[in-house]
Amino acid sequence: MKIEVLKSSLESVKDELLVIGLFQDEKLPSEVINLDKKSGNQISEVISSKDFKSELLQTSLIYLKNTSCSRILLVGLGKRKEYKLDNSRGLAGISTKAVKSLKKKAFSIYVDSQKHNSSYEDIAQSLAEGVILGNYDYDLFKTKDKKDKVELEKCSFITNKVLEVKQGSSIGYLLAETVSYVRDLINTPSMIKVPEYLAKQAESLAKRNHLKCTVFREKDIEKMGMNALLAVGKGSVSPPRLVVLEYGNQKQDTIVVVGKGITFDSGGLNLKPGDYMNTMKEDMSGAAAVFGILEVASKLKLPLHIIGIAACAENMPSGSAYRPGDIFRAYNGKSIEVANTDAEGRVVLADALSYTNKYEPKAIIDIATLTGACAVALGSGPTAPAGVFGTDEKLIRKLIDAGSKTHERLWQLPLWPEHSENVKSKVADVKNLGSPDRYGGAIAGAAFLKEFVDEKTPWAHLDIAGPAWADDQKQYFSFGGTGFGVRLIIQFLRDWKK
Ligand code: BES
Ligand code: ZN
Ligand code: ZN
């Protein structure tokens, strides 16, 4: 789908549908008054009837007479003083879904009525994100619905500030197209997206963006002594991969992002019970986000040296699977006792995190669907926060701030020295489980990871088990992977020097 930016009066918009956002308890903007007059007061009639009160994301579809655009969709923006950019993202998302259900190919959004404290660039970026993400659905395997589907082709942004709106919408477009790609990866069934599939995706991503890409296959992984990653992959017929993507060069600050890439998490021999396995193709959401981050970073030509690492394996039970009680030595020489084969994410990340040392980075961020416990603590679903932990308060603060800008919110959980006691093993250096009752399980996961990062390097861990998956469509989300983290970490990287 295309987004174009146009300067036009509302009366001369010729489109299938025009979206107008309105703040609560305010007079109609003058542009809208002109349109209202032309339509014979149809808009003001709806408003004075009190059927539409501009409550946040309330909608009203009006069929207009005597105007070049035959339908308008009023969308409430709520109270002006409570406005945040995500309301524009939400407005664009629900409008796009409405246009799709009307089976229309094109529509317009009036940008200027949403103007608030935020810049036109930021509003336009949010709108573009909302439109593209709102249009997303994973229908690759649908036969009948796909045949009757009308593809949305164009959304026009109507504004007086063409330059600013073009600038913002092109960034939003790029981000959302990449998040859509990341969602596609997450939604791809695990029968297809084995570790080698992710490696191939990274290779083609690198090619189209002129990035360096190194894929370590099982022989390399073995030679390098990444026995933890190897162990997790043992039960699967599809062997593990460690993918390293590199953008930029050492003249710039180096930042490493590491993603959990479990292509399917059955739990292994500690098999997941009941319904807990159903969405476990999502368990590579961290790795997928890392791919997306590298893609956007290079397209935006960020002045940084960014290393993206994805630790990819499939966690399966079989005669060759790793077992509870097994002990493996990770890349940094520490021995890991496997207390539970379902706590596999931290095990693959142990090798990936130790590998970051060689880059002497200014910061390490890992992103992982690490623990159900984190979702228990903070909630689950696309608007739930991710947990953030780490060794550097400044880094954590920067990430939280970036997340509030992109509305991929983070909530800090503690990681104190005493938490490391929790992951001490009686027979090895560390074990991959905290207390057996699993209380504080998200912290235990973080405390385990901490053992594998260099003490002097600022490190933050994002546990995205909550927001990685959406069970329903909502605003600019649809069923399946959300692509959480891409927009957030790009925002963080763009603000790095600020
Ligand atoms: N991949 C899961 C965590 C998860 C749960 C992600 C729900 C997304 C949604 C992880 O590997 C896991 O199984 N963790 C266990 C850890 C436990 C065995 C210590 C958990 O959370 O129960
Ligand atoms: Zn697991
Ligand atoms: Zn997992």
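As a basis for the values below, the full set of heavy atoms in this structure was taken, side chains included, without hydrogen atoms, waters or symmetry mates. Counting convention: from 1, in listed order, for ligands and their atoms alike.
Of all N, O or S atoms in D265, the one lying closest to the Zn ion (ligand 3) is OD2.
D351 places no side-chain N or O within donor-acceptor distance of the main-chain N or O of V348, the cut-off being under 3.5 Å. The backbone N or O of M1 sits nowhere less than 3.5 Å from a side-chain atom of N135 that would complete a donor-acceptor pair. Using modelled atom types, one side-chain atom of K193 and one backbone atom of T188 make a donor-acceptor pair closer than 3.5 Å.
In this structure, R183 forms a cation-pi arrangement with Y136, its terminal cationic atom sitting closer than 6.0 Å to the ring centre and no more than 45° off the ring axis. Under a cutoff of 6.0 Å and an axis angle of 45°, K450 and W459 do not form a cation-pi pair.
Contact annotation: for D342 versus ligand 1, heavy atoms closer than 4.0 Å belong to both the backbone and the side chain. Only side-chain heavy atoms of K260 come within less than 4.0 Å of ligand 1; its backbone N, CA, C and O stay farther off. Residue-level proximity to ligand 1 for L370 is carried by the backbone, the only part with a heavy atom below 4.0 angstrom.
By the 3.5 Å distance cut-off applied to N or O atoms, E282 is not counted among the residues near ligand 1. Annotation: G372 places an N or O atom under 3.5 Å from an N or O atom of ligand 1; distance criterion only. In terms of N/O distances under 3.5 Å, ligand 1 is approached by K272.
Using a cutoff of 4.0 Å between basic side-chain nitrogens and carboxylate oxygens, D86 and K84 are not scored as salt-bridged. Using a cutoff of 4.0 Å between basic side-chain nitrogens and carboxylate oxygens, K426 and E337 are not scored as salt-bridged.
Residue side and main chain included, D342 places no N/O/S atom under 2.8 Å of the Zn ion (ligand 3). At a threshold of 2.8 Å, the Zn ion (ligand 3) has no backbone or side-chain N, O or S atom of I262 nearer than that distance.
Scanning all protein heavy atoms for the shortest distance to atom 19 (C) of ligand 1 gives L433 CD1, 3.0 Å. Nearest to atom 2 (C) of ligand 1 among the protein's heavy atoms is D265 OD2, 3.5 Å. Among protein heavy atoms, atom 9 (C) of ligand 1 sits closest to M280 CE, 3.5 Å.
Angle OD2 (D283) to the Zn ion (ligand 3) to OE2 (E344): 100°, rounded to 10°.
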Residue pair Q201, Y181: steps toward the side-chain contact (heavy atoms from CB on, under 4.5 Å) verdict: CA-CA 11 Å; Q201 288 290 324; Y181 164 70; 2.8 Å; yes
Trace of the side-chain hydrogen bond (donor to acceptor under 3.5 Å, both in side chains) decision for Q491 with E408: CA-CA 11 Å; Q491 187 64 49; E408 294 160 291; over 6 Å; no
